[in-house]
Amino acid sequence: MQSIYQRIEHLIESRGMTKKAFCENLGISTGNFGDWKRGKTTPSTNKLIEIAGYFEVSLDWLIVGRGSPSTSVMEVRENYGTDHMQETAEQIQASSLTDDEKDFIREYLEFTEYRKYRDRE
């Protein structure tokens, strides 16, 4: 089974990038990147989201290797086939998401706001 680092390394190589260029483009220190390689640490949630967006791959694939790396994270709301549900978004959130899932979504929203703000500058 591949590690997160190995999947990131695969993406870097498939783009013909150097690891140094990757680190510079995403603001990652080479020391942190080396720690990922040695398994000493793993990327933060925000950094994983940024890496997935940068390479246009799914978080599922990047984090656990599930699915295909070519499936990108959608930034525009799409129809997810839930139109038939009568519950409101609040009811769904309250009834079916774990606290960790809610925290992840909040963090993703904060990151998206940050990225939009950063890109305007």
Side-chain angles (χ1 to χ4, degrees):
M1 179 176 195
Q2 281 189 324
S3 67
I4 291 172
Y5 172 82
Q6 290 168 323
R7 284 185 287 281
I8 293 170
E9 192 173 53
H10 166 77
L11 292 168
I12 293 168
E13 290 171 3
S14 69
R15 291 279 174 99
M17 298 178 74
T18 64
K19 292 174 187 171
K20 183 178 179 179
F22 165 76
C23 289
E24 288 173 359
N25 289 342
L26 285 139
I28 300 165
S29 75
T30 54
N32 278 348
F33 192 71
D35 286 346
W36 298 350
K37 181 177 185 174
R38 291 184 292 281
K40 187 174 178 181
T41 62
T42 57
S44 69
T45 303
N46 281 344
K47 194 52 75 175
L48 287 169
I49 292 168
E50 191 173 350
I51 293 167
Y54 182 80
F55 287 111
E56 298 180 343
V57 298
S58 74
L59 283 170
D60 248 7
W61 181 82
L62 186 60
I63 295 171
V64 295
R66 191 175 341 157
S68 168
S70 63
T71 306
S72 63
V73 175
M74 290 184 281
E75 295 217 11
V76 177
R77 188 171 190 318
E78 298 281 335
N79 180 356
Y80 295 109
T82 58
D83 292 340
H84 65 282
M85 299 178 77
Q86 297 299 314
E87 298 174 313
T88 65
E90 293 83 15
Q91 290 169 321
I92 292 168
Q93 182 180 8
S95 66
S96 65
L97 296 177
T98 66
D99 287 340
D100 286 343
E101 290 168 331
K102 292 174 191 176
D103 289 343
F104 178 82
I105 291 167
R106 281 187 205 101
E107 189 169 350
Y108 179 76
L109 291 171
E110 289 170 12
F111 173 75
T112 301
E113 288 289 328
Y114 160 78
R115 195 167 74 190
K116 285 182 179 181
Y117 175 77
R118 183 192 68 194
D119 290 345
R120 284 187 228 153
E121 295 180 347

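- From E24, atom CD reaches atom NZ of K19 across 14.5 Å, with rounding to the nearest 0.5 Å.
- Considering only heavy atoms from C-beta on, L48 comes within 4.5 Å of L62 through its side chain.
- To the nearest 0.5 Å, atom OG1 of residue T41 and atom CH2 of residue W36 are 7.5 Å apart.
- For the pair I28 and P43, the minimum side-chain heavy-atom distance is 4.5 Å or more.
- Here the closest non-hydrogen pair linking S29 and C23 is O-SG, 4.4 Å.
- The shortest side-chain heavy-atom distance between M17 and N25 falls under the 4.5 Å cut-off.
- Taking both residues in full, the closest heavy atoms of L26 and K47 are given as O-NZ, 2.6 Å, listed atom of the first, atom of the second, then distance.
- Taken to the nearest 0.5 Å, the OG1 atom of T45 stands 7.0 Å off from the CD1 atom of I63.
- With sequence neighbours left out, F22 forms a ring-ring contact (aromatic ring centres under 6.0 Å, His included) with F33, F55.
- Side chain to side chain, Y54 and E50 fail the donor-acceptor criterion of an N or O pair below 3.5 Å.
- Here OH of Y5 is found 6.5 Å from CD1 of I12. Values are rounded to the nearest 0.5 Å.
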